[in-house]
Student: 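Mind looking over this structure? Questions follow.
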Amino acid sequence: MITLLGKAASRAGRCLWALEEAGIEYEHKPVDYAKGEAKTDSFRAINPNAKIPALTDGNVAMFESLAINLYIAQNYGKGSLWPDDAAGNSACQQWTLFAATELEPPSAARLVEFIFKTEENRSQEALDAAAEKTKAPLDALEATLRDRDYLTGDYFNVADLNVACVAEYLVRTKFALSSWPKVNDWITRCLARPAFAVMLDIKATEMAA
Ligand SMILES: N[C@@H](CCC(=O)N[C@@H](CS)C(=O)NCC(=O)O)C(=O)O
């Protein structure tokens, strides 16, 4: 059985979303990096980079949240999260790398200002720099979504999930998406999915404990 390691209030939340979308049984261990639980020898045996999330599944042990989501999609979401055709598959890989390299750096920089700093300590310069770097990837998404509801066509798959879980940082930090109406509609559709709501419930339960 799949075991996902990492508390939901971290990038592990992305993988919980993917597992819930896949609708499979899994075990969740809410490893907390803030308590040093990702620096143990047993955790490093799974992720030598000592960060959450990580995943095990039989003889598979892997890390990197977006790669984990590709694994879940390819192995447990064929025909839904993972398209059946080569064009769809390559698009999922492309959008995943886009999420990691183009959208995540400025979006995460913004999130850090919002969740780890008080309003008085927030750097407007850092927020502005992040906003500027977010524009080009948002333009690319807007152009793609001009003639379709989802990134690879007419249905939600791991391409959407992997980009949406990063774009969600923009929503969380109240980034104005009014100049990108198609992106705004798409992210609203993605975040309205029942599997996303389940992940939020898991996160809320963990945070209340
Ligand atoms: N690129 C990695 C980033 C993983 C990452 O930075 N995880 C954070 C929690 S969201 C962490 O474990 N931080 C602990 C640390 O930096 O020591 C991924 O997407 O999985």
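Just so we're clear, the structure is a prediction, and the values are computed from it rather than from any experiment. Quick note: residue numbers are just sequence positions, from 1. In each ligand, atom 1 is the first atom listed, and ligand 1 is the first ligand listed. Values reported hereafter were calculated over all heavy atoms of this structure, with side chains retained and with hydrogens, waters and symmetry mates removed.
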Student: Among all protein heavy atoms in this structure, tell me which lies nearest to atom 3 (C) of ligand 1, with the distance rounded to 0.1 Å.
Tutor: Arg11 CD, 3.6 Å

Student: Have Trp186 and Asp160 got a donor and an acceptor in their side chains that come within less than 3.5 Å?
Tutor: yes

Student: Check whether any heavy atom of Ile52 sits under 4.0 Å from an atom of ligand 1.
Tutor: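 Ile52: in contact with ligand 1 (<4.0 Å).
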
Student: Who's the nearest protein heavy-atom neighbour of atom 16 (O) of ligand 1, and how far?
Tutor: Lys51 CE, 3.4 Å

Student: For atom 19 (O) of ligand 1, grab the closest protein heavy atom and report residue, atom and distance to one decimal in Å.
Tutor: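 Going by distance alone, atom 19 (O) of ligand 1 is nearest to Ser65 OG, 2.6 Å.
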
Student: Please write down residue, atom name and distance for the protein heavy atom closest to atom 1 (N) of ligand 1.
Tutor: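 Scanning the protein heavy atoms, the shortest distance from atom 1 (N) of ligand 1 goes to Glu64 OE1, 2.7 Å.
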
Student: Taking a cutoff of less than 4.0 Å between a non-hydrogen atom of the residue and any ligand atom, is Lys39 in contact with ligand 1?
Tutor: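 Heavy atoms of Lys39 do come under 4.0 Å of ligand 1.
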
Student: Would Asn157 and Thr152 count as having a side-chain donor-acceptor pair, cut-off 3.5 Å?
Tutor: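 Checked: Asn157/Thr152 side chains pair up, N/O donor to acceptor below 3.5 Å.
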
Student: Purely on distance, is any nitrogen or oxygen of Tyr33 under 3.5 Å from one on ligand 1?
Tutor: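 There is no such contact.
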
Student: With a cut-off of 4.0 Å, which atoms of ligand 1 are near a heavy atom of Pro53?
Tutor: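 Checking each atom against Pro53, I get 20 (O).
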
Student: Working note: Leu5 + Leu55, criterion side-chain contact (heavy atoms from CB on, under 4.5 Å); need CA distance, chi angles, decisive distance, verdict.
Tutor: CA-CA 6 Å; Leu5 300 101; Leu55 172 142; 5.8 Å; no

Student: For Asn69 and Val158, which heavy atoms make the closest approach, and how far apart are they?
Tutor: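 Reported closest heavy-atom pair: O-CG2, 3.7 Å.
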
Student: Check whether any side-chain heavy atom of Leu141 sits under 4.5 Å from a side-chain heavy atom of Trp180, and report yes or no.
Tutor: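 Side chain of Leu141 against side chain of Trp180, heavy atoms only: no contact under 4.5 Å found.
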
Student: State the atoms of ligand 1, each with its element, that fall below the 4.0 Å cut-off from a heavy-atom position in Ser10.
Tutor: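 Counting from 1, the qualifying ligand atoms are 10 (S).
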
Student: For Asp57 and Tyr26, test the side chains for any donor-to-acceptor distance below 3.5 angstrom and give the result as yes or no.
Tutor: no

Student: Are Arg189 and Tyr150 in a cation-pi contact, defined as NZ or CZ under 6.0 Å from the six-membered ring centre and within 45° of the axis?
Tutor: yes

Student: If the contact criterion is a heavy-atom separation under 4.0 Å, does Ala38 count as touching ligand 1?
Tutor: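 Under 4.0 Å: no for Ala38.
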
